[in-house]
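Just so it is clear: chains get the letters A, B, ... in the order the sequence lines come, proteins before strands, and each one is counted from 1.
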Amino acid sequence: MQEQQYLTVNALTKYIKRKFDADPHLRDIHVRGEISNFKQHSSGHMYFTLKDEKARILAVMFSSNTRHMKFIPENGMKVIVKGDITVFEPSGQYQIYVKAMQPDGVGELFLAYEQLKQRLETEGLFAAQNKKPLPLFPNTIGVITSPTGAAIRDIITTIKRRYPIGRILVLPALVQGEQAAPSIAKAIEKANAMGEIDVLIVGRGGGSIEELWAFNEELVARAIYQSRIPVISAVGHETDFTIADFVADLRAPTPTGAAELAVPHIEELMDRVLQRQTRLMRSIRERFRFETERLNRVQRSYAFRYPKRLYEQKLEQTDKLTEMLVRNTSRLITGKKEQHDSLNKRFTRNHPRQVLTEAKHKFERMDRDMNRALQQTVTKKQTDFDKILATLQALSPLRIMERGFSLAYTKNNQILKSVTQVKPDEQVQIQLNDGQVYCKVETIEGGDKNAIGK
Amino acid sequence: MPSENNLSFEEAMTKLERIVEKLEEGDVPLEEAISIYKEGMELSKLCHDKLKSVEEQLTQIITEDGSTESFSIDEED
Amino acid sequence: MPSENNLSFEEAMTKLERIVEKLEEGDVPLEEAISIYKEGMELSKLCHDKLKSVEEQLTQIITEDGSTESFSIDEED
Amino acid sequence: MPSENNLSFEEAMTKLERIVEKLEEGDVPLEEAISIYKEGMELSKLCHDKLKSVEEQLTQIITEDGSTESFSIDEED
Amino acid sequence: MPSENNLSFEEAMTKLERIVEKLEEGDVPLEEAISIYKEGMELSKLCHDKLKSVEEQLTQIITEDGSTESFSIDEED
Amino acid sequence: MPSENNLSFEEAMTKLERIVEKLEEGDVPLEEAISIYKEGMELSKLCHDKLKSVEEQLTQIITEDGSTESFSIDEED
Amino acid sequence: MPSENNLSFEEAMTKLERIVEKLEEGDVPLEEAISIYKEGMELSKLCHDKLKSVEEQLTQIITEDGSTESFSIDEED
């Protein structure tokens, strides 16, 4: 048993408490017993023991639940309590937490109320979705209550004051005693049968729980539930709800309250009509103003106010482009012109005049050189010739004649050296220095060889 | 709009409310809005007149035998 | 432009607003711009006339129904 | 150049722009330049005429619709 | 030299340029130099005339279309 | 010497140059010298004529194209 | 002395030189000297004539080309 797990007391107690809390049979249970050991704490909480002949249980009732109690509990008092069972962990004791307490005896009514309420609720008689809306402007208001007493007076007064155009139809009913429930139920049925009532007020003035009991009966509850006409319950009790209150389409705390809920106030209605009228006018005016503004906005728009802008910019654009067209064309042509001018300048610079001039110079030089060269050649030849001619002349054998000698030539042009070469009458030519003498031989002498020279 | 005179106050109010809402929503075309507005003004006048011109209604009680009698409370006490 | 007369105020306004937007965007071809502008002017006149007519109708309602006096656009605030 | 009369303003402007660009680039032969220039001047005239026509149309519209202007603008602010 | 009249300005300029280059190189025989020069003179005159004619045409266009006044080659700088 | 007429100025000048050189060497027999000289004179005449013709051509260009002349020269600088 | 007429100027001059040399030697008998001298004189005449003829030819060439002379010199500088 060494592996046995040990529980802490706390864990065990928590476990037991959870068991208690989870059990629905320990929830909202009704318990009958006698009070003992009653103590009321200064905080208002009550602590006591409930017991019978054979057993006892600790009980706690917190002040929040004691507030509406209509009696003060004391030791020895027999009561019926309603509450939940749970475990108080620090002491490990189970207790009943009392939520409601009734003295026993009345206790039976209370139990019946609780049971009926639970049943009807389960059946859905209290369900919100089954509640009928009240007419906004009821023509006829049905009132089911006692025709005498404060309740009917409060209702009628209130309705007449608030809504004089509403018709009030009183359906008298007993609201207390044995016959009350069937009487109320019957009145409800009658109201429905009449078919002219728009809303029903069912109720009475305040009283003890027994006095109000008819409104806790199933008969009344079902009649209310069956009603086609919306029902306002008006049981004059501020705190406790009757079954009728739960079933009714609307609950009013008092008859006066019911009348106020049943009809609108005529002044409010008038206000409402006027307010709608105002809203109508404001709305149409706003609409008109809105649309006017909308139109104005459009009319004030740039495009409408300055329609010239539609084309002014384009005009500018066109002008600019045209200007560029002119400028670019002009520039293009100027460029071509400059190109031509510069080329032409180069061209002109290369005028062939220069070439011609150079050619001429060269030609002239050449021409001159040629003439000069020829001249020199000819001159040299002339000079050479002149020189040799002079030499030749200087060496001339005929120079002897300059000294008085002469040469005689035969007719055969032979120098006459011997007399034998001629005969008389023959022609002889004598060459002198300054000319020639032509002679005729007259005689011949000699034969002596050295006759002249020796 | 003679038919509208037969409307109950409640019907007239309901119509009026709807018209007001419709106009306030603003989705109604302008031309329709003006005719709705006209109708609304007439309904408003109708409601106004109905509230203004009503005489006080009688209070009645159903007797045991099922007949209806006028009923008045003792205003005193 | 007889068809345009059948336009409701809202339709005319919507058209008009579109025209203004288009014109203000500025990319409208020149020839189209002028015809759009023309159309816009006609729509503007149409809307203006419709509003004028609404205003007259409103004034008339008030006059007929003396009780709800002094309707006027200026009345607000 | 009758076909050019069918050009829209924008088309004419685009053509003109291209001509200006071409001239700016400077690659245009001299003889072509003059014919391009002529064409450009015609386009420019076409654009101007169209603008003139638009201006006249506008003036006419504004004169006709002089009334529209006044209504709504005054009442505002 | 009738064929040369069919030359475009640019073709004439190109031919002229070649002539100028040749002349600038300087080795041109005398007779060729003179005939080349003659041709150059004609080409230069052709270019000049073409420029002159273009200028006149431009001036004429401007005059016809009075609106775009004062076009002139001088307008540059 | 008909073939010589087909000589260019430069060819004729070259021939002439050779003749001058030969003459300048001085050893040329007289008769040969004179015949060489004769030939030189013809070449010289040819060159002279060519120069004359070129000059005339030049003058003619200027005269014919008086406008061109003035155009290109004046316009310079 | 018909053969001598076929001599060139230079051959004649050479012959003449030799005659002069012979005469200078002085040993020549008078008769021979005289005939040599005569021959020299004839050669001399031949040379002289050739020179004369050259001169005439030159004069003739120059006269023919008289124009040439004036052209090139005057126009220059």
Would you indicate whether the side-chain heavy atoms of [Y] and [X] approach each other to under 4.5 Å?
| X | Y | result |
| --- | --- | --- |
| R222(A) | L125(A) | yes |
| Q275(A) | E268(A) | no |
| R153(A) | T157(A) | yes |

Among the options [options], pick out the one with the most heavy-atom pairs lying under 4.5 Å from chain B.
| options | result |
| --- | --- |
| L269(A), T148(A), L274(A) | L269(A) |
| G166(A), A187(A), G142(A) | G166(A) |
| E291(A), M194(A), R276(A) | R276(A) |
| V273(A), L171(A), V170(A) | V170(A) |

message: When you measure from the centre of the six-membered ring of F215(A), is the NZ or CZ of R204(A) closer than 6.0 Å and no more than 45° off the axis?
response: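 No.
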
Exercise. Specify whether F9(B) and F137(A) have parallel, tilted or perpendicular ring planes, treating 30° as the upper limit for parallel and 60° as the lower limit for perpendicular.
Key: perpendicular

Scanning both residues in full, the closest heavy-atom pair of I232(A) with A252(A) reads CG2-CB, 4.0 Å

Side chain, backbone, both or neither: which part of L16(B) has a heavy atom under 4.5 Å from chain A?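 For L16(B), the contact with chain A is made by the side chain alone.
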
query = Tell me, side chain or backbone of T68(B) under 4.5 Å from chain A's heavy atoms, or both, or neither?
reply =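 Just its side chain gets close to chain A.
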
Side chain, backbone, both or neither: which part of I159(A) has a non-hydrogen atom closer than 4.5 Å to chain B?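 Contact with chain B involves no heavy atom of I159(A) at all.
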
So, the part of P138(A) with a heavy atom under 4.5 Å from chain B: the answer is neither

